[in-house]
Amino acid sequence: MSLSVSDNHTLEGVASAGERAGESPLCFPEKSSVEMCLAIVVFALTFAYLCIFRRFTGMEPDEGIVLQGAERVLRGEVPYRDFFSFYTPGSYYLLAGLFRIFGDSLGVARTALALSGSVASLLTYLLARRVCTRSVSLLTAGLVTLTALPSRFLVLHNWDSTLWACLGLYCAVRWLESPRMTWAFAAGSFASLTFLFEQSKGGGLILGMGAGLLAITLSDRQRPRLRGTQLAGLAVGLAWPVAVTLAYFGMRHSLQPMLADWFWPLQHYSMANRVPYGYQNWSDSTRHLLFGTGTLATRLIVVLAVSPLFLVPVLPLVAIGLMVYWVIRMWRQRSAPARGAYYVLINATLAGLLLSIVIARADILHFMYLQPLFFLLLGWLIDGRDIPGRVFKAVRPFVIAYVLIAFLALSAPLLLRAVNAPNNVTTRRGVLTMPGEDTVIEYVQAHVAPGQPILVYPYLPLYYYLTGTLSSTRYDYVQPGMHTNQQLREMISQLVSHPVDVVLLEVSFDEKIPNSWPGTPLSAMASDPVSDYILKRYRTCKVLKSPADWRFLFMVRNDLACP
């Protein structure tokens, strides 16, 4: 949807009403060569900074999901039909395309990630600059650069979908400013692509943007209603990516399993992944290390450094309050339509994205994935001009000082762990740096040929990708309490019909469950038929460990000799 304005007027032409009400006029940075040069500088500096993290890995379990899925696509497999995934397919095909063009390595995937982060910081600057000063907008984009992707610099569908969400919101804002069908079409297209890279985030984006545009339409009584051509552009933009996807999978006889896997999380994801709002994923040992050791001064510094992790989940809650505030101002005609529309649209969109987090998994990681958009709130708070209340204006200097110190303190260890990683590991996908010794990759590469099927169980598919091996089943990972007993029996059936020579069994996995997935049913932890099958039919040749000291057994079938 979009707002129309009469004749040749746009929202740029009605900012004078806000000036009469004491509001500063909106800035349109796309019309200034200086502003666009600064935006390019933001992009370039962000890309240079994020490239520092390209080679670093802590062997996070989640990263290998998309990487290994892209490998399957390159081999001609079709998601859902040939391997299980409850993700929408965007990241698999995007990454497979990049691998085919630029080469199959983690460096290529990480470079693409750095480019995505650079675009996100650029868009944060352009969106913030409309109502914030230049210095505040640059600061906001800089904080996104320092703390968003570096907090979890991993190849994930979460970051891909955030990029499309940023582009979708940016196009929607441009649509308000210049109501043309092309902007409506672009906003709809990027919102649809967001869904095709992560269904929950795409759904929240579409819901939030739609609610915001509807609220603007109902609140701004001085304007004509929506125009049919713009609604048509929006509808076509929303429809074509989904239509192409449905047609593609339909031609490959995988439409039914695709739709089943898309809706699979509604029944199976939430139970094990249900966590309190803003959950930090800290183990007892981590909490003790952060807050129970060191001098009092050290503990205070640590508290300051981690405090942004508690602040970020608050920002979208503030957005809900600001959305109501600006809707009321627009309804009472106490603000310029341009300024009110900007705030209503963005805050409503952030509220929709918050809903997508709460429905899926409301831990701190999923808030950090949307940091480029949530930090618009931070920019508004630092700028302060449109935040109501005398109390806030009195404490604003302290807010600015806290934000600067706390977020810089958070960014420092993120950078230091990457540049000071002591271990270099040569993998079949490139040379990487790690914070600790990894004996798994070297041993597997020495004793397993590239392209050979193995089983990494239950949950670290990144080892498949880095060692150039394949999963012996249609499951690249298993999470107890989320994957069903039927799926576990299917894995066993595939292992029986196509026995695999080598298994990497993580014997320390149960230690992660109470912190990472506290909602996991005890029955899922007590009984694991796949592990039982492995332990009966395979024997241990070597005990190996990851950089985080997770223990893996290198096992071979009982009828085979250890290498």
Side-chain angles (χ1 to χ4, degrees), residues 46-75 77 91-118 149-160 163 414-454 456 459-471 476-477 502 504 506 544-548 550 552 554:
T46 300
F47 180 71
Y49 183 77
L50 293 180
C51 281
I52 297 173
F53 300 85
R54 286 174 64 248
R55 293 177 56 201
F56 174 79
T57 179
M59 291 304 302
E60 289 280 348
D62 291 344
E63 185 167 26
I65 297 173
V66 171
L67 289 164
Q68 195 61 16
E71 287 298 300
R72 288 180 177 265
V73 171
L74 286 175
R75 296 197 304 271
E77 295 186 37
S91 291
Y92 295 133
Y93 284 89
L94 175 63
L95 196 54
L98 292 174
F99 285 160
R100 191 175 295 280
I101 296 171
F102 299 105
D104 192 348
S105 72
L106 188 62
V108 168
R110 291 287 189 82
T111 300
L113 179 60
L115 285 170
S116 296
S118 303
L149 262 78
S151 67
R152 210 158 191 248
F153 197 81
L154 309 175
V155 181
L156 299 168
H157 70 303
N158 308 85
W159 291 121
D160 295 338
L163 173 63
L414 301 176
L415 176 62
L416 291 175
R417 71 175 182 177
V419 299
N420 293 330
N423 294 278
N424 290 327
V425 179
T426 301
T427 77
R428 288 171 178 157
R429 308 297 184 185
V431 178
L432 304 176
T433 62
M434 299 185 182
E437 184 183 10
D438 185 292
T439 60
V440 177
I441 294 174
E442 180 181 3
Y443 194 86
V444 170
Q445 292 182 157
H447 299 99
V448 179
Q452 179 177 335
I454 66 172
V456 180
Y459 194 154
L460 220 161
L462 188 54
Y463 276 133
Y464 288 127
Y465 180 74
L466 294 180
T467 61
T469 55
L470 311 177
S471 172
D476 290 326
Y477 70 101
V502 173
L504 274 177
E506 184 180 358
L544 307 170
K545 71 181 186 69
S546 75
W550 300 329
F552 287 82
F554 185 94

Novice: Can you name the residues that form a side chain to side chain contact (heavy atoms under 4.5 Å, CB included) with I52, not counting sequence neighbours?
Specialist: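 If we apply the side chain to side chain contact (heavy atoms under 4.5 Å, CB included) test to I52, skipping adjacent residues, the hits are Y49, L415, V419.
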
Novice: Mind checking what makes side chain to side chain donor-acceptor pair (under 3.5 Å) contact with Q68, not counting sequence neighbours?
Specialist: none

Novice: Write down the atom of L106, the atom of V155, and the distance for their closest heavy-atom approach.
Specialist: CD1-CG2, 4.4 Å

Novice: Tell me, please, which residues at least two apart from L156 pass side chain to side chain contact (heavy atoms under 4.5 Å, CB included).
Specialist: D62, R152, L154, N158, W159, Y369

Novice: Kindly give the heavy-atom pair with the smallest separation between A109 and L67, and that separation in Å.
Specialist: CB-CD2, 3.9 Å

Novice: With a 3.5 Å cut-off and sequence neighbours excluded, list the donor-acceptor pairs that the side chains of residues 92-102 form with protein atoms.
Specialist:
residue : atom : partner : partner atom : Å
Y92     : OH   : S85     : OG           : 2.6
Y93     : OH   : Y248    : OH           : 3.2

Novice: Who passes side chain to side chain donor-acceptor pair (under 3.5 Å) against T57, sequence neighbours left out?
Specialist: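 For T57 there are no side chain to side chain donor-acceptor pair (under 3.5 Å) partners, ignoring immediate neighbours.
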
Novice: Among side-chain atoms of Y465 and D476, is any donor-acceptor pair under 3.5 angstrom?
Specialist: no

Novice: Side chains of V456 and P461: closer than 4.5 Å at any heavy-atom pair?
Specialist: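 No, their side chains stay 4.5 Å or more apart.
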
Novice: List the residues meeting side chain to side chain contact (heavy atoms under 4.5 Å, CB included) with E77, not counting sequence neighbours, and say none if there are none.
Specialist: R72, R75, D82, F83

Novice: Who are the ring pair (Phe, Tyr, Trp, His ring centres under 6.0 Å) partners of Y459, not counting sequence neighbours?
Specialist: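 Partners of Y459 by the ring pair (Phe, Tyr, Trp, His ring centres under 6.0 Å) criterion, ordered by chain and then number, come out as Y477, W517.
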
Novice: Between CG of L432 and CG of D438, what distance do you get to the nearest 0.5 Å?
Specialist: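 That separation rounds to 9.5 Å.
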
Novice: Working to the nearest 0.5 angstrom, can you tell me the gap between L50 CG and L149 CG?
Specialist: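 Here the interatomic distance stands at 5.5 Å.
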
Novice: Quick one: list whatever passes ring pair (Phe, Tyr, Trp, His ring centres under 6.0 Å) with F554, sequence neighbours left out.
Specialist: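 With neighbours one apart ignored, the set is Y443.
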
Novice: Can you confirm whether more than 12 heavy atoms, excluding those of E442, are under 6.0 Å from its CD atom?
Specialist: no

Novice: Going by the rule salt bridge (Lys or Arg N to Asp or Glu O under 4.0 Å), which residues pair with R429 if we only count those two or more places apart in sequence or in a different chain?
Specialist: E71, D104

Novice: If I take atom CG from residue L544 and atom CG from residue L504, how far apart are they, to the nearest 0.5 angstrom?
Specialist: 7.0 Å

Novice: Partners of S116 by side chain to side chain donor-acceptor pair (under 3.5 Å), sequence neighbours excluded?
Specialist: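 For S116, no residue satisfies side chain to side chain donor-acceptor pair (under 3.5 Å) once neighbours in sequence are set aside.
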
Novice: What closest approach, in Å, do S151 and R417 show between heavy atoms, and which atom pair accounts for it?
Specialist: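 Minimum heavy-atom contact is O-NH2, 3.5 Å.
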
Novice: Working to the nearest 0.5 angstrom, can you tell me the gap between R55 CZ and M434 CE?
Specialist: 11.0 Å

Novice: Identify the heavy atoms of T469 and Y463 that sit nearest to each other, and give their distance.
Specialist: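 Closest approach of T469 to Y463, heavy atoms only: OG1-O, 4.1 Å.
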
Novice: Considering non-hydrogen atoms only, spot the tightest contact between R110 and F56 and give its length.
Specialist: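 Smallest heavy-atom distance, with atoms named: NH1-O, 2.8 Å.
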
Novice: Who are the side chain to side chain contact (heavy atoms under 4.5 Å, CB included) partners of E437, not counting sequence neighbours?
Specialist: N423, T439, K545

Novice: Evaluate the side chain to side chain contact (heavy atoms under 4.5 Å, CB included) criterion for residues T426 and Q445: first the C-alpha distance (whole Å), next the side-chain angles of each, then the deciding distance (0.1 Å), finally the verdict.
Specialist: CA-CA 10 Å; T426 301; Q445 292 182 157; 5.6 Å; no

Novice: Apply side chain to side chain donor-acceptor pair (under 3.5 Å) to S546 and list each qualifying residue two or more places apart in sequence or on a separate chain.
Specialist: none

Novice: Rounded to the nearest 0.5 Å, what separation is found between the OG1 atom of T467 and the NE2 atom of H447?
Specialist: 13.5 Å

Novice: Considering non-hydrogen atoms only, spot the tightest contact between W550 and P61 and give its length.
Specialist: CH2-CD, 3.9 Å

Novice: Drop me the distance from S118's OG to L163's CG, to the nearest 0.5 angstrom.
Specialist: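 Reported to 0.5 Å precision, the distance equals 10.0 Å.
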
